[in-house]
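Everything on this sheet refers to the single structure shown next.
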Amino acid sequence: MNIPSKYDPASVEDKWYSYWMENGFFRSTPDQREPYCIVIPPPNVTGVLHMGHMLNNTLQDVLIRRARMQGKNALWVPGTDHASIATEARVVSKLAAEGIKKSDLSREAFVKHAWDWTHKHGGIILEQLKKLGASCDWDRTCFTMDEALSESVIKVFVDLFNKGLIYRGVRMVNWDPQALTAVSDEEVNHKEVASKLYYLRYQVEGEEEFITIATTRPETILGDTAVCVHPEDERFSKFHGKKVLVPLVNRSVPIIVDEYVDREFGTGALKITPAHDINDYELGLKHNLESIDIFNDDGTLNEAARVLVGEDRFKARKLIVPMLEEAGNLVKTEDYMNKVGFSERTDAVIEPKLSLQWFLRMKDLGAPALEHVMNDDVQLQPAKFKNTYRHWMENVKDWCISRQLWWGHRIPAYFYGEGPMDYVVAESMEEALELARERSGNSQLKTEDLHQDEDVLDTWFSSWLWPISVFDGIRHPDNEDINYYYPTNDLVTAPEILFFWVARMIIAGYEYRNEKPFDSVYLTGIVRDHKRRKMSKSLGNSPDPIELMKKYSADGVRVGMLFCSPAGNDLLFDESLTEQGRNFSNKIWNAFRLVKGWEVDPGLEQPAHSAEAVQWFETQMNRAFIKVEDQFLKYRVSDALMIIYKLFWDEFSSWYLETVKPAYQKPIDRASYEATLGFIDGLMHMLHPFMPFITEEIWQLIMERKPAESLMVSLMPTPESYDKKLRRHFEEIKEVITSIRFIRNEKNIAQKEVLKLMVRSSKDSKYRKYLEPVIIKLANLSDVALITEEPEGAVSFIVKNVEYFVPVGSMVDAGEELKKLEEELAYTQGFLLSVQKKMSNERFVQNAPAQVVEKEQQKMSDAEGKIAVLEAQIEKLKGQV
RNA sequence: GGGAGCUUAGCUCAGCUGGUUCAGAGCACCUGCCUUACAAGCAGGGGGUCACUGGUUCGAAUCCAGUAGUUCCCA
């Protein structure tokens, strides 16, 4: 078999991905095996792959591939999300570029445009995931607007409505004046903004007295319906029960008292605008205040404002200040930092607004979801997110589920009359008609008389059903798929959607399956650049994942992502990491090339050093298997990879291969060759979940494979117990070899030059003679001699109290040797002293566990032995200097 | 304003229920090597009073309290 000297990822990756697809290795159907399932966090249907997706999906693929190789029936369900606001915004701007306004289109026409857009751009991201190697069952690809999923959403809405959990009402909502829709609390980002605090005085009605308030939003005074002071604030007690005139419009409003007011803030008096501030709204309800909405939906002032009508809210703020000044109401202005809410989608400043919306009652619904995370039925990884989760769930508010958009699931409420309550909720028009006839008592109602609610549902109202609806478990709760795969095993997602999505999936899970949706949630970090800036298009600091994979290979990028991805921590991504990943591929390829290039001589006996190395590397493999297993249990994927990385690079390549490697153009014995190929096979298995492509390529080249054979569906070896003593001894002789290499370096002796080694062991420190062949090979020695008397002209070192001497003739510098030994002696004496101090402390000996004391005892005698050896050597050297 | 977390080598992070004189990894760095698997490499090496202060303990990077800095979440 001819192995190309350069690894060519591009062709290899396409070749094996097609092969896996053709053989249906990604597909899963229920069977007798234990299931392992992940549902993908559905990306926006029209989105493109970014670094966050890369991280997230690499992790999912690692988990899925590993489970598959452990013999589980692994299923990774892919799909996309219709992303109401984001998609609609894109379609609107695309139409705008063509000179078409959304308002000129009918709902049907607009939705058609949106579908066209979806079909054109939808699924690009899924194609990109294939480049990464994602082993999703593509036959099961779902979209939240598919018929089955849409029906599930509507069915759930109707069900919750009938349970009395969904209601319609006027509430203060977060209004996005740009997207012209309500958004949920979770879709609002609060940012600190430098603004001004305006001090305005209101005249007390019928008097020449004034009361001064402070506000950041002077334009909203036009909607004021009260001024509020603290009941115990003596500065204002004389005003209790009086009225003030709102500046500019001279509307008379009451002065009310409430303990809500913070006496320290501003002047201690507060203007109340119930229509435009959530706190004022609450006060308004409490004190029965009128509520004057002065804004249009797009954020311009309406007729109710009476002045500046038609101006935008921010322009109005600028314009009203000189007007107030002129009218004598402006006392002063101060610079002020305050927090302002911005829309997650459009970045427009959110306007608190009273509006008629649909809500879902969350308190009772959420109770099981809180309980089952707190008791670890659903595990959050890392667990530190439990705190945040609890805080949110304990203060959960009703969920505003309606959006004033057209792209999405239309709310299945049908109005039959003019009144706000003249509606019915049903899964279809036919059912709605029947219900409406019943409710209205009018049996003559026709479908034309019914009018469906214009709003659509929040996107998360479909995503929260995802782990159930991808298996059609809402419409058919007892189907084979849902019974087999649900609850799923792991969910991999970003912490910023813990509440948007994860919490709500848990809620829906308990409500509709009476069961958690997944066993554990792996929360990844946010991908940032090396300066800790969030990767974003506008900053231009986010590499294009597709380009990155072209440059460094998919395996390289996967490894690069994983190297910097501890769970729950932000990860600072840098291209050098993918470079490291690519270098690793190169290393693997070359190691394989070396082994495959060996010629086997069946008549050759296995050299002793190779036999020992084979046994030793077996212990290393098993040890690594066990450690990797442990890391995966803790979801420490990064550390698991690092263990295998070091196993391959340091232990296998640098130690093992260097030991068994025959001299140039010399053949190798059969036993060593086969053992080595076996190790490569095992290493490819361990590495496959992380680097699927290169490992498959190599595995296929190890030997002739049968059709439809593949590494990705072969079983992972299981860890066995290993010879700990052999491993320890090998570590000792590694230290010996390194020490000899250090001497070569120091004395400028080339590796080619053959050296001698002399060993003196004492009764309580043993030289590992059986590993001697390995030392001879790797340190390039002629022989090792056991001695009792110290030789002349040799450099010495000590490993585990065994003395080693390398004769270097005239190159030995006795003075330098002496200095080195004296330094080591001083250190060891200091060490001994500290241990002795500890041991002479009665309280330590009494209180510390026996094991610890024993260990200290051992340290003490070891140190004493070493000191004796050192002192003898120093004594001898002193005679020479 | 309320809550949570973080602070260990130049960088990114490990260090479990306190026990090798004050400690590990990867990368980066330094020195020497183009030794025919790999210079995308090999061999060797240096580097940290574990943020600060105090306490508990025979013993603290590890537990407790406070201080400073920093990040995130919620309002």
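In this text, all values refer to a predicted model and were calculated from it rather than measured experimentally.
OP1 or OP2 of B:rA75 sits under 4.0 Å from a side-chain N or O of A:Lys397. Proximity of A:Arg582 to the phosphate of B:rA40: no side-chain N or O atom is located under 4.0 Å from OP1 or OP2. The shortest distance between the side-chain N/O atoms of A:Tyr645 and the OP1/OP2 oxygens of B:rC27 is below 4.0 Å. OP1 or OP2 of B:rG15 lies within a sub-4.0 Å distance of a side-chain N or O belonging to A:Arg636. Distances shorter than 4.0 Å separate none of the side-chain N or O atoms of A:Trp649 from OP1 or OP2 on B:rA37. Residue A:Ser654 places at least one side-chain N or O under 4.0 Å from the OP1 or OP2 atom of B:rA43. In terms of phosphate contacts, A:Thr738 brings a side-chain nitrogen or oxygen within less than 4.0 Å of OP1 or OP2 of B:rG44. Between A:Lys587 and B:rG41 there is no side-chain polar atom (N or O) within less than 4.0 angstrom of OP1 or OP2. For B:rG41, the OP1/OP2 oxygens have a side-chain nitrogen or oxygen of A:Asn583 closer than 4.0 Å.
Residues satisfying the ring-ring contact (aromatic ring centres under 6.0 Å, His included) test with A:Tyr804, not counting sequence neighbours, are A:Phe797.
The same atom, P, is picked in B:rC27 and in B:rC72; the two are 30 Å apart, to the nearest Å. Nucleotides B:rU8 and B:rG15 have their C1' atoms positioned 9 Å apart, rounded to a whole Å. Annotation: B:rG2 and B:rC63 have their P atoms spaced 26 Å apart (nearest Å). Using atom C1' as the reference point in both B:rA25 and B:rA14, the two lie 7 Å apart (nearest Å). On the P atoms, B:rC64 is 11 Å away from B:rU17, given to the nearest whole Å. Distance noted for atom P between B:rA61 and B:rG19: 10 Å (whole Å). Distance noted for atom C1' between B:rG44 and B:rA4: 46 Å (whole Å). When the P atom is used for both B:rC73 and B:rA51, the distance is 25 Å, rounded to whole Å.
Counting non-hydrogen atoms under 4.0 angstrom, A:Glu658 reaches a base of the nucleic acid. Among the protein residues, A:Tyr664 comes within range of the nucleic acid bases, having at least one heavy atom under 4.0 Å from a base atom.
Both distances falling under 3.5 Å, in either a Watson-Crick or a G-U wobble arrangement, place B:rG10 opposite B:rC27. Under the Watson-Crick and G-U wobble criteria, each requiring two contacts below 3.5 Å, nucleotide B:rC22 is left unpaired. Applying the Watson-Crick and G-U wobble criteria (two distances, each under 3.5 Å), B:rC72 pairs with B:rG3. With a cut-off of 3.5 Å on both Watson-Crick or G-U wobble distances, the partner of B:rC63 is given as B:rG55. With a cut-off of 3.5 Å on both Watson-Crick or G-U wobble distances, the partner of B:rG41 is given as B:rC33.
Between A:Val188 and A:Asp650, the residue anchored nearer the 5' end of RNA chain B, judged by the nucleotide with its closest heavy atom, is A:Asp650.
For A:Arg593, counting side-chain heavy atoms from C-beta on, the closest listed nucleotide (B:rA43, B:rA4, B:rC38) is B:rC38. For A:Gln580, whose side chain is taken as the heavy atoms from C-beta onward, the closest listed nucleotide among B:rA43, B:rA37, B:rG26 is B:rG26. Taking the side chain of A:Thr388 as heavy atoms from C-beta on, and the options B:rA37, B:rC73, B:rG26, the nearest nucleotide is B:rC73. Candidate nucleotides B:rG5, B:rU36, B:rA25 were compared by shortest atom distance to the side chain of A:Asn387, and B:rG5 ranks first. With distances taken from any side-chain atom of A:Phe499 to the nucleotides B:rC74, B:rA37, B:rG26, the minimum falls on B:rC74. Among the nucleotides B:rA37, B:rG5, B:rA25, the one closest to the side chain of A:Lys646 is B:rA25. Side-chain atoms of A:His391 lie closest to B:rG2 of the nucleotides B:rA40, B:rG2, B:rG44. The side chain of A:Ala591 approaches B:rA37 more closely than any other nucleotide in the set B:rG26, B:rA37, B:rG44.
Taking the six-membered ring where tryptophan is involved, the planes of A:Phe652 and A:Tyr656 are essentially parallel, since the angle between them stays under 30° and well short of 60°. Ring geometry, A:Trp501 versus A:Trp460: the interplanar angle falls from 30° to 60°, so the pair is classed tilted. Ring geometry for A:Tyr635 versus A:Tyr522: interplanar angle of 30 to 60°, hence tilted.
We find that CZ of A:Phe563 is positioned 11 Å from P of B:rA28, with the value rounded to whole Å. The distance between atom CD1 of A:Ile749 and atom P of B:rU31, rounded to the nearest whole Å, is 21 Å. Here the P atom of nucleotide B:rG26 and the CG atom of A:Leu647 are 14 Å apart, to the nearest Å. Put simply, CG on A:Asp639 is 17 Å from P on B:rU12, counting in whole angstrom units. Here B:rC73 presents its C1' atom at 13 Å from CH2 of A:Trp392, a figure rounded to the nearest Å. Separating the CD1 atom of A:Ile350 from the P atom of B:rA75 is a distance of 13 Å, rounded to the nearest angstrom. Counting to the nearest Å, the C1' atom of B:rC27 and the CG atom of A:Leu577 are 8 Å from each other. In this structure, A:Arg528 atom CZ and B:rU70 atom C1' are separated by 12 Å, rounded to whole Å.
Between the side chain of A:Gln631 and the base of B:rA14, no donor-acceptor pair under 3.5 Å is found.
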Tell me, with the steps shown, if A:Asp555 and A:Ser553 meet side-chain hydrogen bond (donor to acceptor under 3.5 Å, both in side chains). CA-CA 5 Å; A:Asp555 287 333; A:Ser553 82; 5.3 Å; no
Can you check ring pair (Phe, Tyr, Trp, His ring centres under 6.0 Å) on A:Phe690 and A:Tyr645, steps first, answer last? CA-CA 10 Å; A:Phe690 305 94; A:Tyr645 177 84; over 10 Å; no
Could you walk me through whether A:Trp699 and A:Asp681 pass the side-chain hydrogen bond (donor to acceptor under 3.5 Å, both in side chains) test, one step at a time? CA-CA 7 Å; A:Trp699 190 80; A:Asp681 180 88; 2.9 Å; yes
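Taking 4.5 Å as the limit, some side-chain heavy atom of A:Ser653 sits within range of a side-chain heavy atom of A:Lys587.
Surrounding NZ of A:Lys747 are more than 12 heavy atoms belonging to other residues, nucleotides or ligands, all under 6.0 Å away.
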